[in-house]
Amino acid sequence: MRLHSLLHGCGRRGAAVGLAVLASFSLAACTAGPDFVRPDPPASDAYYAGSLVVETARTDNLHGQAQRLQPAESVDGAWWNAFQSPRLAQLIEHALADSPTIDEAFSRVREANALYDAKHRGATLPRLVGQLTGERTNGLPGTVAGGSGPVVNQESASLLGSFRLDLAGRTRRELEALAARADARYYAALAARRDVAHGIVVTAIEQARLVDQLRAENARRGAHDELLYLTMEGLRLGHATQADVHAVQRDLRLSEQTVATLETDIEVLGQRLAVLAGQEPSSYQGEPFTLQDFQLPETIPLVVPSALVRTRPDILAAEGLLEAATADYGVAVASLYPDITLSASTGAYQLGEGGLFSGTTQGWNLLAQLTAPLLDGELHGMKRVRLAAVDAAAAHYRGTLLSALGEVAESLKQADITAINLTLANDAYKDSVIVVESLRTKQAHGALSRADLLPEYIAFVAIETRVINAMSDRLLATAEILRVMTDGEFLPDEIDHLDGREDAGQAYVEPASEENSAGGGGLRVGAAP
């Protein structure tokens, strides 16, 4: 449903009957310039060549379940609920209420709607102007005061009305352009809402990735610290060299550097979440996200290209701009045709004593004025300008469409490859667990020293980090699919809610959770040594 389909009935009160009839006749006349035709949807229902992977790989790990593509006509605007994270949903709700990006976008929508309404009322109603004048002079009426004649009171009241007949359709094309631009702003606002929510989801997942990486890196730093102690003991006993000590110190310092960087990045991402939610960076007081805060959706909605172009907001915004450019070209064409303006006035005139309504002289007049451009090079030039603008808008629409289709194709491929990567990383993790447990058994029987075990344990932790990255990538790939598929639609009461927020400016405080601390929430499949 087009945004302005209900706005064309506005402004029907207060017009003179005769001019209102002429207004209706004018708006029903022919329209210069081409009518806008929606671009055809893509002919193919495939996003890339080759067979589509309907079900991804699976593994027995967190976020390792298989995902299956499920056909859908559209994806609801609240797509982030698919991750079943109350903390994430709460944060996004604050963003919808307080984000200046969303607030600005929907304020622009209201601005465009108000402009259309104002122009529509001006086009469909005659212009009526009331005028009341009074003058006291000792000269003749209409002359400069200061004469020697008697003092005279001059009073008049008049009502002036005018209406321009839109025979060539210029006004209707102007209204069409305004309506299309309002539509484009509406869809751009939906895209802004979608992108703000996506930014929060991605930031939360990245923070969760770093939190679990920090836990693994702290374990590796502890192993390096223990290995340094054992190497220094070996140096004292003559079983190690000074170079061996420096090599372990190097690895320990690099690990400490990684820990410090991860701790800082986690805090920075928390501050970024606050800003995305429309708050000051210091207002975010919630615990950092972990990968356990999210559920990987088992089904992935798949909207075919022919339906995507009719639901995705950025494509619809580009379509609105194309429609507006087409209407602007119609305005340029209509400007080459004659204009007819009808004017009418009536009034009362009183000269002398007794007041305006005593012995008043009354009068009226009707005027029809035709203006036609006979020689105006600028008007003909504007046709070429507007035609070029149509071509540019068409190219912009096609570029937006191709970019959207490319995003979907890439996101579908990423969903497949990230599932495969997690399976391979988890298999390598299981192999590493077996190796470490075997070495621990040798150590328990005295066949292996602790110093010989620790390097393999350090490698084991590095593999665990790869599993963490693979789990995070699966979540991010799913979030990208949901973003590129969503229609971003608002309900009317949601727009009203954005117009009048009661909690604007309040700090956002996440509820504390003992399970979501930076050092908690282990994700290991096997047993760590």
From [X] [atom1] over to [Y] [atom2], what is the distance, rounded to the nearest 0.5 angstrom?
X: I420; Y: T59; atom1: CD1; atom2: OG1; answer: 12.5 Å
X: T56; Y: I300; atom1: OG1; atom2: CD1; answer: 6.5 Å
X: E319; Y: F36; atom1: CD; atom2: CZ; answer: 4.5 Å
X: I468; Y: I463; atom1: CD1; atom2: CD1; answer: 12.5 Å
X: R185; Y: S107; atom1: CZ; atom2: OG; answer: 10.5 Å
X: Y47; Y: L308; atom1: OH; atom2: CG; answer: 4.5 Å

>> I need the full list of salt bridge (Lys or Arg N to Asp or Glu O under 4.0 Å) pairs touching residues 406-423, with sequence neighbours left out, sorted by first then second residue.
In response: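 Counting only pairs at least two positions apart or across chains, the salt bridge (Lys or Arg N to Asp or Glu O under 4.0 Å) contacts touching residues 406-423 are R312-E407, E407-R483.
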>> For the residue pair D473 / Q414, report whether a side-chain donor-acceptor contact shorter than 3.5 Å exists.
In response: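 Looking only at side-chain atoms, D473 and Q414 do not form any donor-acceptor pair under 3.5 Å.
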> Going by atom types only, do N421 and T418 share a side-chain donor-acceptor pair under 3.5 Å?
Replying inline: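 Side chains of N421 and T418: no pair found under 3.5 Å.
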>> For a side-chain hydrogen bond (donor to acceptor under 3.5 Å, both in side chains) check, start with the C-alpha distance between N469 and Q213, then their side-chain angles and the critical distance, and finish with the verdict.
In response: CA-CA 8 Å; N469 288 333; Q213 282 184 358; 2.5 Å; yes
Output yes when a side-chain donor or acceptor of [X] lies under 3.5 Å from a complementary backbone atom of [Y], and no otherwise.
X: Q207; Y: F289; answer: yes
X: D244; Y: T241; answer: yes
X: D293; Y: R87; answer: no
X: Q249; Y: L228; answer: no

Quick check: do [X] and [Y] have side-chain heavy atoms less than 4.5 Å from each other?
X: D60; Y: N426; answer: yes
X: D98; Y: Q279; answer: yes
X: V75; Y: D487; answer: no
X: R474; Y: M471; answer: no
X: L482; Y: P301; answer: yes

Counting only heavy atoms not in [X] (residues, nucleotides, ligands), do more than 12 fall under 6.0 Å from its [atom1]?
X: E111; atom1: CD; answer: yes
X: E55; atom1: CD; answer: yes
X: R310; atom1: CZ; answer: yes

What pairs of donor and acceptor atoms, side-chain ones from residues 217-224 against any protein atom, are under 3.5 angstrom apart with sequence neighbours left out?
unit_1 : atom_1 : unit_2 : atom_2 : d
E217   : OE1    : R220   : NE     : 3.4
E217   : OE1    : R220   : NH2    : 2.8
E217   : OE2    : R220   : NE     : 3.3
E217   : OE2    : R220   : NH2    : 3.4
E217   : OE2    : S255   : OG     : 2.7
N218   : OD1    : R221   : NH2    : 3.0
N218   : ND2    : L214   : O      : 3.3

> Which class fits the ring pair F460 and Y457: parallel under 30°, tilted 30 to 60°, perpendicular over 60°?
Replying inline: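 F460 vs Y457 ring planes: parallel.
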> Is the W79 ring parallel, tilted or perpendicular to the H198 ring (thresholds 30°, 60°)?
Replying inline: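 The rings of W79 and H198 sit tilted, inter-plane angle from 30° to 60°.
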>> Filter on side chain to side chain donor-acceptor pair (under 3.5 Å), then keep only pairs touching residues 392-401, sequence neighbours left out; what's left?
In response: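 Side chain to side chain donor-acceptor pair (under 3.5 Å) check on residues 392-401 returns no pairs.
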> Yes or no on side chain to side chain contact (heavy atoms under 4.5 Å, CB included) for L62 and Q292, after CA distance, side-chain angles and deciding distance?
Replying inline: CA-CA 8 Å; L62 180 65; Q292 291 178 327; 4.0 Å; yes
>> If you apply the rule side chain to side chain contact (heavy atoms under 4.5 Å, CB included), what do you find for D452 with L439, and how did you get there?
In response: CA-CA 9 Å; D452 293 328; L439 294 179; over 6 Å; no
